[in-house]
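Reviewing the structure listed below.
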Amino acid sequence: MTDIPKTYDPQQAEQSHYARWEGEGYFAPEINKDPKAPVFSIVIPPPNVTGSLHMGHALQHTMMDVMTRHKRMCGYRTLWLPGMDHAGISTQLVVSRELKKEGLTRHDLGREKFVERVWQWKADSGGQITRQIRREGASVDWSRERFTMDEGLSRAAREVFVRLYEEGAIYRGTRIVNWCPTDQTVLSDLEVEKTPQRGQLYYLQYPVKDNSHRLTVATTRPETMLGDTAVAVNPDDERFRSMVGQVVLLPITGREIPVIADEYVDPEFGTGAVKVTPAHDPNDYDMGVRHNLPRVFVIDQNARMTADAGPEFAGLDRYKAREKVIEKFQELGLLEKVVDYEFAISKCERCKTVIEPLISTQWFMRMDQMRDLALDLMRKERKPRFVPESYERVYTNWLEDLRDWTISRQLWWGHQIPAWYDEAGNVYVAHSEDEARQKSGTDKLTQDPDVLDTWFSAALWPFSTLGWPDETEDLRTYYPTSVLVTARDIIFLWVSRMVMEGLKFVGRTPFHDVFVTGTVLDKHGQRMSKTKNNGIDPLEVFDKYGVDATRLALASIGAADTRWNDKQVESYRNFANKIWNAARFCMMNAEGAESVADPFAGDHANLPLHDRWILSRLNKTAGGVNAALDNYQFHEAVQTLYHFFWDDFCDWYIELTKAIVIAEEVSPERNVARARLIWVLEQSLRLLHPFMPYLTEELWQRLPVKHQELLHPAYAGATTSIMLAAYPQSELQLIDEQGESEIDRLKTLISSVRNIRSEINIKPGDRIPVLIREANTNMRAMFEANQDQIARLTRASQVSIARELDPPKASARAVISGSGEVVIPLEGLIDFAQESARLSREKEKLQTEAAKLAGQLANADFVKRAPAEKVEELRARADEIKQHITALDQMLEALK
RNA sequence: GCCCGCUUGGCUCAGUGGUAGAGCACUCGCUUCACACGCGAGGGGUCAGAAGUUCGAAUCUUCUAGCGGGCACCA
């Protein structure tokens with residue numbers, strides 16, 4: 001077995017296992033043969049078919065895979081369903097950009113050819129994403145992979161559209177919307193981002209008709225004045241009371257427009273008078289509706305001025321028009337002033353173009369009914385449960401404020417709206433063109449050219465992927481899903497909409513829990529983004545440190561934002577190597593282990609201390625990890641495993657058992673010790689598997705154990721893999737507090753000797769005698785039983801244990817407990833002053849603590865009000881310190 | 001403007017009412033027969049500031065400051 005390399009090679013382990021797992025069908029829930037098995041299911045938040053996976057995906061996928069593998073090993077019927085989103089705008093943009101390189105636009109190809117081209121592109125890009133998901137080790141069921149534009153999911157989208165239309169919740173209407181002049185489509189409010197913008201506030205004077213007064217308005221968009229149809233003031237504003245009802249002459253155009261009074265106007269801002277452009281501003285639009293104002297359209301869909309803007313302006317870009325309007329006002333002497341001003345501007349989330357509010361005919365979804373379903377669910381059942389809890393309020397507040405959703409998009413890539421128009425313009429909404437023909441009684445129909453917002457189909461994802469609208473077995477079994485893992489930026493766009501649609505169409509919440517992960521930031525605390533080009537490619541990290549190490553680093557992030565640092569991954573890479581080498585040691589000393597049928601058979605009370613101890617630690621670890629995972633405390637699970645494996649198993653258990661394990665002479669004791677070592681290792685690998693699938697499988701397959709027997713009963717008969725082994729659970733009867741405290745004492749002894757050796761600069765190779773005084777009979781027996789281990793780990797020439805000692809003056813000494821001390825005779829080596837100083841330092845520390853405790857115990861209120869056990873605990877500690885100090889004093893005295 | 005989160009050793013972060021933790025970095029010593037991606041021994045923090053609740057606060061409450069995020073129609 002010495003053919004195992006000294007360093008773990010992740011690339012090697014990552015090569016073959018995934019294909020085998022997938023090929024054997026381990027990822028599919030059908031692998032579970034227990035008809036009564038509980039169900040655990042997750043649908044993946046479908047990555048956009050554009051772009052490759054980033055750190056955020058790797059983070060979420062790690063969490064989901066850890067949970068899925070954990071539940072699978074616990075015997076759950078487990079489904080993690082993968083898939084992708086067609087990402088309407090993004091994808092259309094990417095493919096359009098490709099076409100541009102060939103000197104073409106989508107219009108050159110025409111709709112059909114263009115969509116064909118996108119499908120081609122999707123095959124390629126989608127393949128890249130699925131390869132990346134495989135590389136992550138994600139145990140998704142590829143046999144159930146879905147894409148939002150699949151026929152099944154498209155059918156679900158049409159079904160929802162038709163039903164909502166028939167109920168009147170989807171309607172066609174004309175109103176002011178967010179228009180992106182670059183992408184040439186309408187956008188929902190959520191796809192618009194507000195960014196601070198430095199600009200100017202222009203004070204324009206409008207002459208009042210019939211007198212020489214001028215009314216000054218302030219605006220950030222002077223070009224829209226060409227479309228003004230009123231000036232508004234607050235009805236309570238004394239300054240303008242006489243103006244209301246008067247008429248002003250709109251400069252440049254010469255149009256006459258009224259002065260109106262409206263509550264919306266804030267007298268404090270600007271001049272207190274607002275120009276009103278109902279056709280090009282959402283607030284003015286509302287005022288226009290209230291006052292029945294005419295709409296003058298002066299900007300078109302390309303953000304250029306229309307003919308109605310006047311001959312001098314027609315065809316000008318909106319910014320050119322702005323300059324020209326200002327010039328004109330200046331010439332006319334009507335430009336009062338221009339001041340610098342910072343305000344929020346709306347931009348297209350995708351292309352960052354400034355949004356142009358336009359009046360347009362679109363499809364909308366009324367949200368009130370579904371919103372109430374979701375709010376009711378939260379109020380009555382507190383579902384879904386958000387982790388961390390604080391997102392519950394974010395979600396609820398947003399829902400309470402919900403407005404109608406603009407669902408149509410002027411794109412070609414997406415689900416075309418299932419609405420047809422006859423020649424008279426009547427609309428027929430149907431599942432298919434055939435149905436529309438029947439409804440209309442004509443076949444001269446034209447389908448609405450628009451497509452649905454990408455989020456329309458994404459909102460159906462938890463049930464459309466499971467076969468809805470059909471009542472499928474999958475839908476019955478896996479819906480509602482157990483948990484949704486997502487980033488916080490799509491709680492509104494996606495999470496809330498899934499809840500609403502799930503409640504509306506399936507009648508139940510789509511997921512019980514929502515785990516909102518933190519964000520991976522760059523090392524300066526900035527969000528990673530394409531524009532900043534500060535993203536870290538998970539694939540590069542995989543290559544450098546291995547997938548398993550990266551997964552551990554990601555799992556440690558949990559719900560809080562964290563700055564990425566390679567050092568962290570490096571330390572987990574080292575951990576992986578540590579596991580590799582511990583296993584290597586076990587396997588180098590495995591001979592004879594297989595002859596032991598059950599390494600821990602018989603009465604556990606008769607086991608050697610270190611064996612009882614490691615079983616206790618192992619069971620506490622299993623308990624801690626299971627509890628942590630059930631509560632989404634991934635970081636805690638990782639820490640628990642890390643310290644159990646490295647500190648308990650490697651640093652102490654292997655070292656304590658090593659002497660027997662590596663004995664040259666073959667003996668039953670040696671074989672048993674070897675079998676126990678391998679047994680504990682095997683259990684540890686299982687505990688680690690959800691986090692480190694590749695390494696653990698690689699090692700597990702090499703272990704000389706009866707693999708088939710280790711599988712969870714639900715997977716009996718499957719070919720063997722650690723991913724189907726039973727996840728260790730905590731067995732309370734194996735927890736041994738007494739044993740743990742004895743090992744603690746042993747560790748203190750060994751550490752004390754090592755400390756002395758180090759402080760007195762005893763060469764590592766020098767063997768020294770170790771004398772132990774121990775008054776407690778049980779402890780003395782424990783030290784005696786572990787004499788060989790003590791000798792080995794302290795590099796002692798001899799270890800003597802006695803009830804009483806008469807240490808030579810030239811000794812280094814340390815207190816182990818109230819009842820014991822360790823003495824190292826150092827004739828000729830010891831510097832009395834130095835030794836004295838060392839002991840005094842220790843005494844000082846203890847005195848500080850003693851003083852604190854004494855103060856607390858002297859406080860009558862504390863003794864009276866604190867729980868009795870707490871008081872007792874402090875008293876015991878105070879006594880111990882007292883004894884400790886007494887022992888130190890004796891030692892100091894002896895040095896004089 | 002409103003809401004939320006964060007502020008703990010040099011760095012990145014855990015902890016969340018009862019004696020301050022980890023990893024990395026740092027210091028010293030080590031080819032100790034699994035591992036130098038290692039082993040052993042150390043040093044280092046008035047837990048952002050103030051007030052309050054409590055026998056006791058890094059932990060709960062309020063306020064302040066700094067940073068980050070979300071929401072909002074102020075032209």
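Throughout, a chain's letter reflects where its sequence line sits, starting with A, and its residues are numbered from 1.
- The shortest distance between the side-chain N/O atoms of A/Arg563 and the OP1/OP2 oxygens of B/rU12 is below 4.0 Å.
- One interatomic measurement links the two molecules: CD of A/Glu655 to P of B/rG38, which rounds to 15 Å at whole-angstrom precision.
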Nucleotide N/O of nucleotides 18-25 of chain B paired with protein N/O under 3.5 Å:
residue	atom	partner	partner atom	Å
B/rU19	O2	A/Glu849	OE1	3.4
B/rU19	O2	A/Glu849	OE2	2.5
B/rU19	N3	A/Glu849	OE2	3.0
B/rA22	O2'	A/His643	NE2	3.4
B/rG23	O2'	A/Ser571	OG	3.2

Side-chain donor-acceptor pairs of residues 746-753 of chain A under 3.5 Å, sequence neighbours excluded:
residue	atom	partner	partner atom	Å
A/Thr748	OG1	A/Asp744	O	2.7
A/Ser751	OG	A/Lys747	O	2.9
A/Ser752	OG	A/Thr748	O	2.6

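- A donor and an acceptor atom, one from each side chain of A/Asp566 and A/Trp564, are located under 3.5 Å apart.
- Regarding contacts with the backbone of B/rC13, every side-chain N or O of A/Ser556 stays at 4.0 angstrom or more from both OP1 and OP2.
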Inset, instruction - Fill in the dot-bracket string of RNA chain B, one character per base: . for unpaired, | for a pair to another strand, ( ) or [ ] for pairs within the strand, taking Watson-Crick or G-U pairs under 3.5 Å. - result: ((((((((.[[[[.)..(..]]]].(((((.......))))).....[[[[[..)....]]]]])))))))....
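- Put simply, NZ on A/Lys864 is 13 Å from P on B/rU54, counting in whole angstrom units.
- If you take CG of A/Asn755 and P of B/rC39, they are 19 Å apart, rounded to a whole angstrom.
- Screening A/Tyr8, A/Phe575, A/Phe585 for a ring pair (Phe, Tyr, Trp, His ring centres under 6.0 Å) with A/Trp580, the sole residue that qualifies is A/Tyr8.
- With hydrogens and angles left out, the side-chain atoms of A/Glu842 and A/His884 include a donor and acceptor closer than 3.5 Å.
- Using the six-membered ring where Trp is involved, A/Tyr341 and A/Phe269 have ring planes that are perpendicular, over 60° apart on the 30 and 60° scheme.
- Remark: the A/Asp648 side chain and the A/His643 side chain contain no N/O donor-acceptor pair separated by less than 3.5 Å.
- Summarising the geometry, the separation between CZ on A/Arg795 and P on B/rG29 is reported as 18 Å, rounded to the nearest angstrom.
- No side-chain donor-acceptor contact under 3.5 Å links A/Asp548 and A/Tyr572.
- As a whole-Å value, the separation of A/Asp861 CG from B/rU53 P is 14 Å.
- Using modelled atom types, one finds a donor on one side chain and an acceptor on the other under 3.5 Å when comparing A/Asn178 with A/Asp189.
- Environment of CD in A/Glu869: sparse, with no more than 12 heavy atoms of neighbouring residues, nucleotides or ligands closer than 6.0 Å.
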Tabulate atom names and distances for all N/O pairs under 3.5 angstrom spanning the protein and nucleotides 72-75 of chain B.
residue	atom	partner	partner atom	Å
B/rC73	O4'	A/Asn283	OD1	3.3
B/rC73	O2'	A/Asn283	ND2	2.9
B/rC73	N1	A/Asn283	OD1	3.3
B/rC74	O2	A/Asp266	OD2	3.2
B/rC74	N3	A/Asp266	OD2	2.6
B/rA75	OP2	A/Tyr341	OH	2.5
B/rA75	O2'	A/Ala218	O	3.2
B/rA75	N6	A/Asp266	O	2.8
B/rA75	N6	A/Phe269	O	2.8
B/rA75	N1	A/Asp266	N	3.3

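- Residues from residues 520-529 of chain A lying near RNA chain B, meaning a heavy-atom separation below 4.0 Å, are absent.
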Inset, instruction - Classify every nucleotide of nucleotides 1-8 of chain B by which part a protein heavy atom approaches to under 4.0 Å, writing B for the base, S for the sugar-phosphate alone and - for neither, in 5'-to-3' order. - result: --SS----
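- Using modelled atom types and a 3.5 Å distance limit, the side chains of A/Ser188 and A/Glu191 yield a donor-acceptor pair.
- The interatomic distance linking A/Arg488 (CZ) with B/rC71 (P) rounds to 11 Å, in whole Å.
- Atom pair A/Leu695:CG and B/rA34:P shows a separation of 19 Å (rounding to whole Å applied).
- Using the six-membered ring where Trp is involved, A/Phe649 and A/Tyr653 have ring planes that are parallel, under 30° apart on the 30 and 60° scheme.
- In this structure, A/Gln789 contributes its side chain and A/Leu656 its backbone to a donor-acceptor pair below 3.5 Å.
- If you check B/rA34, B/rC30, B/rG40 against the side chain of A/Lys578, the one that comes closest is B/rA34.
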